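For reference, the structure is listed below as structure tokens.
If you're wondering where the values come from, they're calculated on a predicted model, not measured in any experiment. For reference, positions follow the sequence shown, starting with 1.
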Amino acid sequence: MIKKFLFSSLIAICTLSAAFAQTKTKESGKELTDPDNLASQYFSQVMGVAVDATSNLKLYKFVYEWIGTPYSFGGNTKKGIDCSAFTKAIYDKVFNTTIRRNSRDIFSMVDPLSKEDLKEGDLVFFKIKSRSISHIGIYLGDNRFAHASSSRGVVISNLNEPYYSRYFYKGGRILESFKKDFIVE
């Protein structure tokens with residue numbers, strides 16, 4: 001309830017700001033902030049990500065709307081979702097790209113990356129108590145990633161947390177050839 005109120009307040013502030021300032025303007029030596037900057041500041045505070053890392057507002061809005069959704073193996077709705085379905089939904093809705101359904105198959109679609117090379121929207125893969133990839137999330141910046149945790153549902157976690165640091169396998173960026181093959185028209 002509080003989350004919806006805060007989000008509604010943010011939308012109202014952004015709308016009012018847009019009405020008074022369609023672009024950044026200077027008034028008596030001070031810059032007025034545009035609605036996208038307000039939204040970036042809000043999401044950076046709520047999600048613990050630096051303001052300069054929040055360039056894709058659609059991504060942050062999508063993640064925000066799913067926070068707290070319970071985990072359900074094989075699920076793909078707000079009643080319950082698993083990690084690969086959550087990641088697939090993000091790519092469908094935010095990036096207009098169709099990716100495969102499970103984390104191992106998705107890994108076959110990426111150019112592997114180290115932690116240091118990750119950018120907002122990249123994927124993060126984990127081998128949790130397994131020899132094969134068993135978990136996936138989406139990188140948000142500042143070592144934070146969104147995912148559907150089996151114990152906590154959809155959350156934002158830090159790659160530097162001992163648990164995730166221990167099981168981190170690789171990052172990945174969807175290869176251009178797959179973006180062309182799977183783009184939803």
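Nearest heavy atom pair, residue S134 against residue C83, reads O-SG, 4.4 Å. In plain terms, the two heavy atoms of L118 and L123 that are nearest each other are CD2-O, 3.9 Å. Contact detail for D142 and N158: the closest heavy-atom pair is O-ND2, 4.5 Å. Between T98 and K88 the shortest heavy-atom distance is CG2-NZ, 3.5 Å. Closest approach of N160 and K115 over heavy atoms only: OD1-NZ, 4.4 Å.
Not less than 6.0 angstrom separates the ring centroid of Y60 from the ring centroid of Y64. Taking the centre of each ring, H135 and F145 stay at or above the 6.0 Å mark. Annotation: F168 is not in aromatic contact with Y164 [ring centroid separation under 6.0 Å not met].
Among residues two or more places apart in sequence or in another chain, the side chain to side chain donor-acceptor pair (under 3.5 Å) test is passed with S108 by R100. Taking the side chain to side chain donor-acceptor pair (under 3.5 Å) definition, one finds that S165 meets it with nothing, sequence neighbours left out. Every side-chain contact (heavy atoms from CB on, under 4.5 Å) that N76 has, sequence neighbours left out, goes to A85. With sequence neighbours excluded, the residues that form a side chain to side chain donor-acceptor pair (under 3.5 Å) with R101 are D82, S84.
Counting only distance, with no hydrogens or angles, the side chain of N102 and the backbone of R104 share a donor-acceptor pair below 3.5 Å.
Heavy atoms from other residues, nucleotides or ligands lying under 6.0 Å from NZ of K127 number more than 12.
One finds the OG1 atom of T87 at 4.5 Å from the CD1 atom of I136 (value rounded to the nearest 0.5 Å). One distance of note links CZ of F62 with CZ of F86; it measures 6.0 Å at 0.5 Å rounding.
Sorted by first and then second residue, the pairs that involve residues 151-173 and meet salt bridge (charged side-chain N to carboxylate O under 4.0 Å, His left out), not counting sequence neighbours, are D122-R173.
F73 belongs to a hydrophobic cluster whose remaining members, ordered by chain and number, are Y71; membership requires side-chain heavy atoms of ILVMFWY residues under 4.5 Å apart, directly or through intermediates.
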